[in-house]
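Okay, so here's the structure we're looking at.
This is a predicted model, so every value here is computed, not measured.
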Amino acid sequence: MKGFWKKKLPACLLSLALLMGTVPMASAAWADLTYDVDEDDYVFIGADDFEDLFDEEWDGWDSFEYLEFRNIDDFDDYGYFTAEDGDGYNAQLDSDDLYDGIFYSNGRDAEDWDEYDLDTLYFETYDNIDSDTIYIDFTLYGYDEDVDGTMCIDIAGGSGSSGDVELTYYVDPGDDVELDADDFWDLFDEESREDFEYLEFYSYDDFDDYGYFEAEDADGDWVQLYDSTLDDGYYYYNWYDTSSSYDYALDRMTFCADKNADEDTLEFPFTMYGDDNDEVDGTLYIEIGEGTGTSSKADFVYQVDPDDDVTLDAEDFYDFFYDESDYDELEYIEFTGYDDFDDYGYFGADGYDYDDYVRDYELNESDLDDGWFYYDEDEVWDDYEFELDTLTFYADRNADEDTLTFDITMHGIKGDKIDATLAIEIGEGTTSSATKVDGDIIYEVDPDDTVTFDRDDFWEFLDDETGDDLEYVRFTDATGLDDWGELYSYDYYNDRVYFDEGDLDDGYFYYDSKDLYYDDDCTLDDLTFLSYDDADGEVVYLDFTAYGRDDDAKGTVAIAIGDVGGVTAEGGDIRYYTDYSGRVQINANDIARFFEESYPGYTLQYVTLKGAPDYGSLYYNYYGTSEYGTSYSTRITADNCDDMDLYFSPSSSQYALSELTYVPSGVNYCAQIPFTAYGTGSRSVSGTILISVNLSEVPDVYGPTPKNTAVTFPAASIYTAVSQASGLGLSSIQLLELPAANEGTIYVGSGTSQRADTSTLYGYSSGSQRISQLRFVPATGFTGSVEIPYVACNSSGTPIASGKLCLGVVEEMEDFSDISSSAWCYKYVLELSDADVIDGYSDGTFKPDNQVTYGAALKLIMLAAGYTEQAPVNSNVFSGYLARAQADGLVSGSVDLDAPITRLAVSQIAAKAMGLSINNLSSVRPFTDTSDPYVQALNAAGIVEGYFDNGTSTFKPYNTLTRGQISAIVWRMEQYQ
């Protein structure tokens, strides 16, 4: 049935319709009943007119019961009828539906889907229709008699032609925005009665200087569209209607703004076509914002963190040159002037050095301007010629936060030259916990394992001490070397040479292997320490002197072996908890979010593991149910961990990041899994997964506090939480993360002179710095949730558990009589109540175990997503939220606001309200019982979870929720925002 839908008829609409019922007119002499209506309006029909007509004929001898329509003019191009059916829903009726229906004078007699309450009947017209008159014959039936008649509806239309429509999207430089096909459908639907099929672009702005479109064609390939190709395509509402290489899916279309795009508005006129040749003209606007606020005014801007690298994109240079030149194409670039950058890092590129092809040839400030960097790698064949798309800047780990500027000249094939500026912005980097051993350079190694020294550590040490450039290092003394391991490197002849405490001072260890000349000369970058298998807990110290061209400096290398007292858990970027008999399924979305926090706007592609956990076992495809990589369960070890690239969206032959399972061995320890995540734009970031294994999960220690009020760490409560989970006493804790600056600061002691850090062990009952001395001071005016993760350590400084101190900074301390601080949903309810997102009942209760209704959940979700309060539009207190949600596309179809809401509906509404993308999700479906993309998007955001059992993860989409459960979801939405 075309156009059929159902919804509850709003009470206010019924009332308005009753008030606006039109008195029968005599304008059409042969019509028994006549109604007038304008375009884009409606007219109430109702039962009274038909009852009066029936009574006039039979003068009370019989009573009107129902009517049937017959001989109906085709009115589907002008509008539709609406009436409430026997199920209590408002049904949209076309000409066929009207003919088939039975319309009762007493609505209670309507009991089926094709039986209607005549007193709710009204006719609604479309916009932009011609004036016309439609005639509809009917028969009125009483208990014994019937009456025939004709109804006339006079329609006052407009021109009948569709006008121009507009649609605007917003995007920042270096970001992208996805087009929503439903936005175009809605615009077309307002102007036409047909279904929207496809659109074409024409006569648009020159936009290559600002970015490009990306769309999926009929073959499923992603195609980039520029000035010259955008108007060649047909952009379909439904991807399944595409059939040729020039057909694209409108709902899989994205505008990607260049990182250097100016703030501007691009105009793209288009024509939309319906399935019966209706046309609607319009304009798409892409508004490009100011971007991230970078201070660099360069033509090309790249960003990198200390101890990280960034690869320049040759296409950026090609596009810029093509736009700025006289349609010339880029051949190569050369550097013509730049800052002193050796203190910040160096460039590397693939190319020729003295007729030898070298991978990642190192280019410092003295030789960068000697090179030519070619766009086409086939042009690289002579000395100091390199491939532009391999040009990478490697930032030193101690690089200061600064911006480096490089002047470049770009040369074209036809001889054009364009001057430009490149800027590399070096960020603040990340801080990590340090070991508790003393040393200027510190390395960590497991027993019976090796660690290779990094020559840049010594370069940076000398640079920090003297500003000189390192030439070589000599070791002057050693402690513990002969007892706990062996040290070796490679000499001038490339032979391995071993050193002990007696002859270590004979060696000269050079920064540049080209400087090796004598027998005692060795490479610093190959210097390796092999620890003995019985050296756990020991530290080896090596005193050294670093020599530069003019200056030297003395320092100490400390090598911590295994569990050195005070060498605590590092990282904990992603944390899990399990009991000793449980299993931990690593969530690929957790790593994706960690990557995107480091590089907003970029997408995770794959992950490599940099080691296996020291305790317990990590498996790939532990349950043997995976469809990716291998059908066998594989234990991941130190030997094979880097053999697997674990993909976020794998093909069938690739390993899937979602298939990692950790199996504990023993109890009361923290296992660590180091990894490096790689993504788009040649971005990468390293981190650590920390898994706390205990008798039970360490409960969060939670406490609310009024805003602008300092909080002393509850040492006794933290001790109790750790003891409860592990059965062990707590000796100290190490903080894994510090609050953001806008949340507040943790100080040690009563003043503000000493801030807490992530390397100190804060003792429980002893030590110069104790847990009870830690004090959180909220930022002025801040309210919200603060989470401070920590590891708990025993008396040897070894981590035994991981937990969280959670603080709710609130405007006022509001309580509900039926929720105590021990309730699992206490913090969610308390903080949401303080934020005016949630409230309780008039008797002071919250009733967390009551089922939440659709209307109540809709209100909570919309408020958490940033919507304002919505006034009711009828007698239902939540009707205003429903009206707004339907207008914004959050909800479609019929809705019973008083019915329980399902997990599926909550996920769909929340994901849409938050504007979560459904286009960059993993190809691995997280749940077996739903493929809904909005569920997957909300799960990827960490807001909803599923149920995992023996290798199978389900979502249970049709389960309903309690008020406590919806509070937890809404709270996570608030944190995500």
Side-chain angles (χ1 to χ4, degrees), residues 172-175 206-212 224 226-227 256-264 266 288 290-304 309-342 344-351 363-377 379-380 384-395 402-427 601 681-682:
D172 283 330
D175 205 348
D206 178 0
F207 63 88
D208 282 354
D209 289 342
Y210 298 89
Y212 60 89
Q224 292 182 356
Y226 298 93
D227 280 348
C256 305
D258 288 343
K259 63 183 68 178
N260 300 315
D262 296 328
E263 185 178 6
D264 207 340
L266 306 177
I288 302 175
E290 297 180 4
T292 58
T294 176
S295 59
S296 301
K297 301 301 182 182
D299 301 294
F300 306 96
V301 181
Y302 290 88
Q303 296 172 329
V304 65
D309 59 77
V310 58
T311 300
L312 277 54
D313 189 339
E315 299 301 330
D316 291 343
F317 295 87
Y318 183 93
D319 294 341
F320 179 87
F321 183 81
Y322 185 81
D323 292 336
E324 296 294 323
S325 69
D326 187 18
Y327 299 103
D328 198 356
E329 295 184 62
L330 177 66
E331 185 177 13
Y332 68 93
I333 73 168
E334 59 177 337
F335 289 84
T336 54
Y338 41 82
D339 295 337
D340 179 356
F341 64 86
D342 280 353
Y344 297 89
Y346 64 92
F347 283 93
D350 296 350
L363 298 157
N364 295 311
E365 62 187 52
S366 61
D367 49 16
L368 181 64
D369 56 355
D370 296 330
W372 288 7
F373 301 87
Y374 281 84
Y375 176 76
D376 186 347
E377 63 182 27
E379 298 295 325
V380 178
Y384 267 70
E385 294 181 354
F386 302 95
E387 299 173 15
L388 179 58
D389 63 357
T390 66
L391 185 58
T392 301
F393 183 78
Y394 297 89
D402 207 340
T403 298
L404 306 177
T405 303
F406 303 83
D407 295 329
I408 61 174
T409 298
M410 295 182 282
H411 299 262
I413 295 174
K414 299 178 182 178
D416 279 4
K417 292 183 181 180
I418 301 294
D419 293 326
T421 304
L422 163 70
I424 296 182
E425 296 181 349
I426 303 176
S682 300

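Here the side chain of Asn364 pairs no donor or acceptor atom with the backbone of Ser366 at under 3.5 angstrom. In this structure, Tyr338 contributes its side chain and Glu365 its backbone to a donor-acceptor pair below 3.5 Å. At distances below 3.5 Å, not a single donor-acceptor pair connects side-chain atoms of Asp208 with backbone N or O atoms of Tyr226.
Note that CG of Asp299 and CG of Asp316 are 11.5 Å apart. Values are rounded to the nearest 0.5 Å. Note that the CG atom of Asp323 and the CG atom of Asp227 stand 8.0 Å from one another [nearest 0.5 Å]. To the nearest 0.5 angstrom, Thr336 atom OG1 is 10.0 Å from Leu368 atom CG. In this structure, OG1 in Thr390 is found 8.0 Å from CG in Leu388, a value given to the nearest 0.5 Å. In this structure, the separation between CG on Asp370 and CD on Glu334 is 10.0 Å, given to the nearest 0.5 Å. Put simply, CD on Glu324 and CG on Leu330 are 12.5 Å apart, with the number rounded to the nearest 0.5 Å.
Taking both residues in full, the closest heavy atoms of Ala257 and Pro173 are given as CB-CA, 4.2 Å, listed atom of the first, atom of the second, then distance. Minimum heavy-atom separation, Thr392 to Asp309: CG2-CB, 3.8 Å. A pairwise comparison of heavy atoms in Phe373 and Ala349 identifies CE2-CB, 4.2 Å as the closest pair. Residues Ile288 and Leu266 come closest through the heavy atom pair CD1-CD1, 4.1 Å. Contact record, Glu385 with Val380: O-CG1, 3.1 Å, taken as the closest heavy-atom pair.
Evaluation of the side chain to side chain contact (heavy atoms under 4.5 Å, CB included) rule for Asp328 yields Phe321, Ser325, Ile413, Lys414, Asp416 as partners, not counting sequence neighbours. Asp419 meets the side chain to side chain contact (heavy atoms under 4.5 Å, CB included) test with Thr409; sequence neighbours excluded. Judged as a ring pair (Phe, Tyr, Trp, His ring centres under 6.0 Å), and not counting sequence neighbours, the contacts of Phe300 are Phe317, Phe320. Qualifying ring pair (Phe, Tyr, Trp, His ring centres under 6.0 Å) partners for Tyr322, counting only residues two or more places apart in sequence or in other chains: Tyr327. In this structure Tyr210 satisfies the ring pair (Phe, Tyr, Trp, His ring centres under 6.0 Å) test with no other residue, sequence neighbours excluded. Every residue meeting the ring pair (Phe, Tyr, Trp, His ring centres under 6.0 Å) condition with Phe347, not counting sequence neighbours, appears here in chain and number order: Phe335, Phe341, Phe393, Phe406.
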Item to complete: Please lay out, stage by stage, how Glu331 and Tyr374 fare under the test side-chain contact (heavy atoms from CB on, under 4.5 Å).
Response: CA-CA 6 Å; Glu331 185 177 13; Tyr374 281 84; 4.0 Å; yes
Practice prompt. For Leu312 and Leu422, run side-chain contact (heavy atoms from CB on, under 4.5 Å): C-alpha distance rounded to whole Å, both residues' side-chain angles, the deciding distance at 0.1 Å, then the answer.
Written response: CA-CA 10 Å; Leu312 277 54; Leu422 163 70; 3.8 Å; yes
Worksheet item: Which is it for Leu363 and Phe386 under the side-chain contact (heavy atoms from CB on, under 4.5 Å) test, yes or no, and what are the steps along the way?
Response: CA-CA 11 Å; Leu363 298 157; Phe386 302 95; 4.1 Å; yes
